[in-house]
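Notes for the one structure printed next.
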Amino acid sequence: MNASSQLSGLISRQKWRGFCNRNVGKIERKYQTSSSLRFEVKSPASGKLVDKLEEDSISSIKEKSKKAQLAQREWSKVELKKKISILQTFGENLAKKEEELAKILSSETGKPVSQAKGEIKGVQPRIKFFVENVESSIQSNQVRKTDSFEEQVRREPLGVIANISAWNYPYFVGANVFVPALLTGNAILYKPSEYSSLTGIQIAKLLHESGVPKDVFQTVLGEGKVGESLLQLPEVNGVFFTGSLATGKKIAKTVGERMLRLQLELGGKDPTYVSHQVDVAKAAAGLADGAFYNTGQSCCSVERIYVHEKVYDQFVELFVKEVKGFKVGDPSDSSTYIGPLTLPKQVQTLEAQVADAVKKGAKVLTGGKKLNQPGNWFEPTVLVNVNHSMDVMMEESFGPIIGIQKVSNVDEAIALMNDCKYGLTSGVYTKSREEADKVMSEIQSGTVYWNACDRVSPFTPWSGRRGSGVGSTLGTDGILAFTQPKAWHLINP
């Protein structure tokens, strides 16, 4: 069976057109002659049309929301063991269809197919963590008992969750929300990013095949205005969003007026300090991967590096050598490491950051411009002689670009690392545990790393500080996030 027929079988709701291009991603709204609104799916690698999907209307969204509310009441009554079994089956189905699903994901986002497979594989430990820890996390807790009364705390589901998800890791980011939300008895209105809608359709299809009732998990397709409409639905009890700081602020303002549960994973400008007490080669290799994996479009991609002056020259030389070794090419090729950018506008963002940096004195050691070919391509770029007057060191890049700045000591590094409106992850490479503890204690971010970067564990909370968001997913915090406590006061008759 060829790739086109495999995908046609998976995407039963849509006609798969032009898959010979193998890449999907740029999505534009187009008004058609029919009454329904459809948006086009275009390849980030070639710009060619691949498919058209129907956007949800206000009336269809309202109908889905009402169905979700009714379905949630029944789903919350389903035995936890049954819910666990269903989510385990979902994991098994993901594994069985990994090859086909990776092709779809790679196609519509431009993610190299080997990394798409890695993402799908990486969902399994998250499912395992949630199903093994949900019961102990939400069990009733007797907090006080006397001869005449008893006090308990019980956990109840929020109700209907609006899950406005991301395109860069739709399986990771999505599963962080919908797996614990379903296990704790919630229904979900799942809006995949308009840049990963085909993957969103497949997630819903597999959940339904695994036993989740169709009205308990429903996709809502479309652009930003569709996501905005979810915020106004009276049935919605919680909003979980991953995306930009600007959009997150708008959501927070709207949701705050309604007093709903809110979780926001927003932008990042994640820094790392490289000490003089370090294995320079290991640090250079690890940070090059941390900065350029997924074409620099990971939530916790390294975006700023500060290097002690004693090892600066050696580090930069080895780092650039690593970057020049990355293969840029067709995302459907298993040997490709860097593919196209998913968002067309991001090419202009990177061009502007390079121009701004060079104008202010930075030097481009490799890359620095878009590739002269169809699609959203940008060369892997390394800049030195950078400082905090430059956008590349202060504003989110979300692409294959990095600035490396020389520092004289650890205190200077910490000050620069904290000089940012974001606070998602930060790291330090050093052989000294004492130095590592100092950096990790003083850095204002939700996650800190010692001799690591671009790493997420289901066992620890995933949260941001400052402009990187509010609330947590993952860890036991990421289970409780989808519940609300109720105090029980029991007085003996």
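What you see below is based on every heavy atom in this structure, not just the backbone, and it leaves out hydrogens, waters and symmetry mates.
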- Message: Evaluate V410 against V428 for side chain to side chain contact (heavy atoms under 4.5 Å, CB included), listing each step before the verdict.
- Response: CA-CA 10 Å; V410 65; V428 53; over 6 Å; no
- Message: Treating S106 as the side-chain partner and K111 as the backbone partner, does any N or O pair qualify as donor plus acceptor under 3.5 Å?
- Response: yes
- Query: Any side-chain donor paired with an acceptor under 3.5 Å for E108 and S197?
  - Reply: no
- Message: Give me the atom names and distance for the closest heavy-atom approach of Y273 to V439.
- Response: CD2-CG2, 4.3 Å
- Distance only, no hydrogens: is a donor on one side chain within 3.5 Å (strictly under) of an acceptor on the other, for E435 and S275? yes
- Message: If only side-chain N and O atoms count, and only distance matters, is there a donor-acceptor pair under 3.5 Å linking S335 with K327?
- Response: yes
- Message: With a 6.0 Å cut-off on the ring centroids, do Y337 and F292 count as close?
- Response: no
- Query: Counting heavy atoms not belonging to E135, are there more than 12 under 6.0 Å from its CD?
  - Reply: no
- Got more than 12 heavy atoms from elsewhere within 6.0 Å of CD, E434? no
- Query: Between CG of L474 and CZ of F459, what distance do you get to the nearest 0.5 Å?
  - Reply: 11.0 Å
- Task: Over all heavy atoms of both residues, which pair between L341 and F398 is shortest? Give the atoms and the distance, please.
- Result: CD2-O, 3.9 Å
- To the nearest 0.5 Å, atom CD1 of I443 lies from atom CG of D270 at 11.0 Å
- What do the steps show when you test L183 against I479 for side chain to side chain contact (heavy atoms under 4.5 Å, CB included), and what is the final call? CA-CA 9 Å; L183 287 170; I479 297 174; over 6 Å; no
- Using atom types as modelled and distance alone, determine if a side-chain donor or acceptor of E55 lies under 3.5 Å from a backbone N or O of E223. yes
- Task: Kindly compute the distance separating CD (Q353) from CE (M393), expressed to the nearest 0.5 Å.
- Result: 11.0 Å
- Query: Within a strict 4.5 Å, meaning less than it, do heavy atoms of the F172 and V456 side chains meet?
  - Reply: no
- Task: Go through the side-chain N and O atoms of S397 and K269 and say whether any donor and acceptor fall under 3.5 Å apart.
- Result: yes
- Item | Validation row: Y171, L101 side chains within 4.5 angstrom (heavy atoms) | yes
- Side chain of R261, backbone of T483: donor and acceptor closer than 3.5 Å? yes
- Task: Return yes if some donor-acceptor pair links the side-chain N/O of W377 with the main-chain N/O of N372 below 3.5 Å, else return no.
- Result: no
- Query: Atom CG of N168 and atom OG of S196: how far apart are they, to the nearest 0.5 Å?
  - Reply: 8.5 Å
- Item | Side chains of R126 and V179 in contact at under 4.5 Å (non-hydrogen atoms) | no
- Query: Counting only N and O atoms by type, is there a donor-acceptor contact under 3.5 Å from the side chain of D356 to the main-chain atoms of D391?
  - Reply: yes
- Item | CG-OG1 distance between N294 and T109, expressed to the nearest 0.5 angstrom | 7.0 Å
- Message: If you compare all heavy atoms of L94 against all heavy atoms of Q124, which two are closest, and at what distance to 0.1 Å?
- Response: CB-NE2, 3.8 Å
- Message: Do I203 and Y190 make a side-chain contact, defined as non-hydrogen atoms from C-beta onward lying under 4.5 Å apart?
- Response: yes
- Message: If the condition is salt bridge (Lys or Arg N to Asp or Glu O under 4.0 Å), which residues does K421 pass it with, not counting sequence neighbours?
- Response: E395
- Closest contact, heavy atoms only, G110 versus P340: O-CD, 3.5 Å
- Message: Is there a side-chain contact between S426 and Q444 in this structure, where contact means two heavy atoms from C-beta onward sitting under 4.5 Å apart?
- Response: no
- Item | Exam field: side chain K360 to backbone S389, donor-acceptor pair closer than 3.5 Å | yes
- Pair L221-V226, side chain to side chain contact (heavy atoms under 4.5 Å, CB included): steps then yes or no: CA-CA 7 Å; L221 302 181; V226 172; over 6 Å; no
- Measure the shortest side-chain to side-chain distance between E322 and L318 over non-hydrogen atoms and say whether it is less than 4.5 angstrom. no
- Message: Determine whether K117 and I120 satisfy the following criterion, side chain to side chain contact (heavy atoms under 4.5 Å, CB included), listing intermediate values before the conclusion.
- Response: CA-CA 5 Å; K117 291 179 182 178; I120 295 169; 5.9 Å; no
- Query: Can you tell me if CD on E317 sees more than 12 non-hydrogen neighbours from other groups inside 6.0 Å?
  - Reply: no
- Message: Working to the nearest 0.5 angstrom, can you tell me the gap between I104 CD1 and T199 OG1?
- Response: 6.5 Å
- Hey, are the side chains of N376 and T342 touching, using non-hydrogen atoms and a 4.5 Å cut-off? no
- Residue pair S468 / Y422: nearest heavy atoms and the distance that separates them: OG-CB, 3.5 Å
- Backbone of G339 reached by a side-chain donor or acceptor of T295 within 3.5 Å: yes
- Query: Which atoms form the tightest heavy-atom contact between C420 and R304, and what is the distance?
  - Reply: CB-NH2, 3.7 Å
- Query: Does T381 reach the main-chain N or O of E379 with its side chain, forming a donor-acceptor pair under 3.5 Å?
  - Reply: yes
- Do the two ring centres, one from W462 and one from F240, sit under 6.0 Å apart? no
- Message: Between the side chains of E228 and K250, is the shortest nitrogen-to-carboxylate-oxygen separation below 4.0 Å, so that they form an ion pair?
- Response: no
- Message: Regarding T184 and N186, do their side chains bring together a donor and an acceptor under 3.5 Å, going by distance alone?
- Response: yes
- Would you find a donor on one side and an acceptor on the other, under 3.5 Å apart, between the side chain of H308 and the backbone of S408? yes
- Task: Give a yes/no verdict on a cation-pi contact between K406 and F315, requiring under 6.0 Å between NZ or CZ and the six-membered ring centre and an angle within 45° of the axis.
- Result: no
- Message: If only side-chain N and O atoms count, and only distance matters, is there a donor-acceptor pair under 3.5 Å linking S298 with Y169?
- Response: yes
- Task: Could you tell me which residues satisfy salt bridge (Lys or Arg N to Asp or Glu O under 4.0 Å) with D437, sequence neighbours excluded, listed by chain and number?
- Result: R433
- Any side-chain heavy-atom pair from N418 and R466 closer than 4.5 angstrom? yes
